[in-house]
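A short write-up of the structure that comes next.
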Amino acid sequence: MIAILQWTTLALCCVVTLVRVPSVLRGENRSLFWIFALMTVAILLSIDAPYLAVDQVLGGMNFANLVLRFVIFGGIFFLGIRLARGFSACDALKLITGPIGIAIAAAASIAVVAVFLMMDTAGSSAGLVAVFAKDGHNAALVEYYGAAGRLYPAFITAALFPAMLRTLRSGLPALVRSSAALLALGTVAICLSLLSPVIPSSLGFMKFVFNYSAVLCLVLGLSLIWLAKSLAKRAPKKQAGMA
Amino acid sequence: MPLPAKAFQLWLHRVAPSASTADLCRISGIKRTTFAQQLVRGKVAETTLVSISRALGLSPLAELASFDHYVELAAPPQPPTPAELVSQVATMDLLRAVISRSSPAYGGYGDQGSSMTPALSPAPHATSVRNWVDAIDDGELRHRVSAATGVAPQNYSAQLTANRLSPELAVATARAAGVGFTGGLVATGLITEAEAGWTPGAKQAALDALSDGELSSLAGERLQALGKSLRRHEQEQAQTEKIWENLG
């Protein structure tokens, strides 16, 4: 079940990234392509087999996991800016690119690196499962590491949350509103995933559900906007004129 | 509330005992899947009944009145008030009337109801539902309708904004306002003015009876509302363009 969710997410990200290639060649919204590409890399690195392969190349010290965190940070930062501009959320844009946003990005980065260095990270393991199993000390550190890594994405999406709700309640086209709904749902999932350290192990599968549904919602939401645009371009414009 | 399928089947049996479903759909122009779905769900839309009545050469109003929900429609129809009639004049026709009454220097004829003025377009028009409710509203109408039907005021307003009103609510609104039942059914486009028993020149006569001052302020209100809705539409369009530009 979890494997299905993982590979579905990866496949979807891949497809969306590839679908954007023609747009990139035309020079439209190049940064979106990179956002999707970064997301694809992030998903790839969170699945066992590809993670192990990459980490072996990087020395088997789980540096791939650290790379994964910064890939997510970068992707989510550009995504946040794009979304804030698109949805005319000046407040969110100011929050993300202003001193508060930079401070949170710096704090999250430092926390991730610091906790990573404190852990005994020898032995490749996707999601640091093996490190978690070493002893109580490392287990606690892995939880903090995960929380620090989710802090920044949660901040960015939470900053955009009001704009999503505004769009949802507006009179914009249905596809655009559904995409806002998906993005808002993704935000909720990311924020819930912050709770990972306190989720009891019996509900451990919920962590995966939160993580992957967050990415799925974000990617689907973004593709819906693209779909709406393509459809609107093809269909003749319906104008509420002075009839 | 739509018509119960059971009562509808009985009605069908009475008015067209030998017609098959396929025949009915063909003569009335209803999609077969839509028709079948309404029967299966047990709720038949009033528009279905109206289409079939028209196709069979029956009066939609009288046939609608044969159902329990709409039994009030059977009474001799109370004619629409002048305000209701004017509310069913399209905004562009109102503006044309303003110009018609102006002096020839501005393209008018200096009188009213000139034979040169084109005929009014038939109801319903783009904002006919809201204009009808505004025409019969004494300020408390929406609350009374909401209390009588249990429909939340914001849902009611949303229907008006979308220029829609379910036939049941249209009748309830007319009842709450104490006006004839046909006004709402015409404004929502369920039945035509002729089917409602309105005399052919009634709308034009009501329009002609407006003084220049009344006509001008009414046209002004309509223009203001039109401007507001067009501006909102333009803003939404601009917002959508921005989203596509950044994320498409």
In terms of heavy-atom contacts, does [atom1] of [X] have more than 12 from other residues, nucleotides or ligands at under 6.0 Å?
| X | atom1 | result |
| --- | --- | --- |
| B:R32 | CZ | no |
| A:L25 | CG | yes |
| B:Q224 | CD | no |
| A:I100 | CD1 | no |
| A:F70 | CZ | yes |

For a side-chain contact (heavy atoms from CB on, under 4.5 Å) with B:L247, tell me which candidate from A:R85, A:R82, A:K229 qualifies.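 Result for side-chain contact (heavy atoms from CB on, under 4.5 Å) with B:L247: A:R82.
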Check the pair A:V176 / B:W244 against side-chain contact (heavy atoms from CB on, under 4.5 Å), numbers first and verdict last. CA-CA 9 Å; A:V176 172; B:W244 285 341; 4.0 Å; yes
A:S88 vs B:K242, side-chain contact (heavy atoms from CB on, under 4.5 Å): CA-CA, chis, key distance, verdict: CA-CA 8 Å; A:S88 323; B:K242 200 169 172 194; 3.5 Å; yes
Part of A:L32 lying under 4.5 Å from any heavy atom of chain B: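 Contact with chain B: side chain only.
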Under 4.5 Å from any heavy atom of chain B, what part of A:L83 do you find: side chain, backbone, both or neither?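 Contact with chain B: backbone and side chain both.
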When B:H125, B:E245, B:R232 are compared by non-hydrogen pairs under 4.5 Å with chain A, the top option: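 Of B:H125, B:E245, B:R232, B:E245 has the most heavy-atom pairs under 4.5 Å with chain A.
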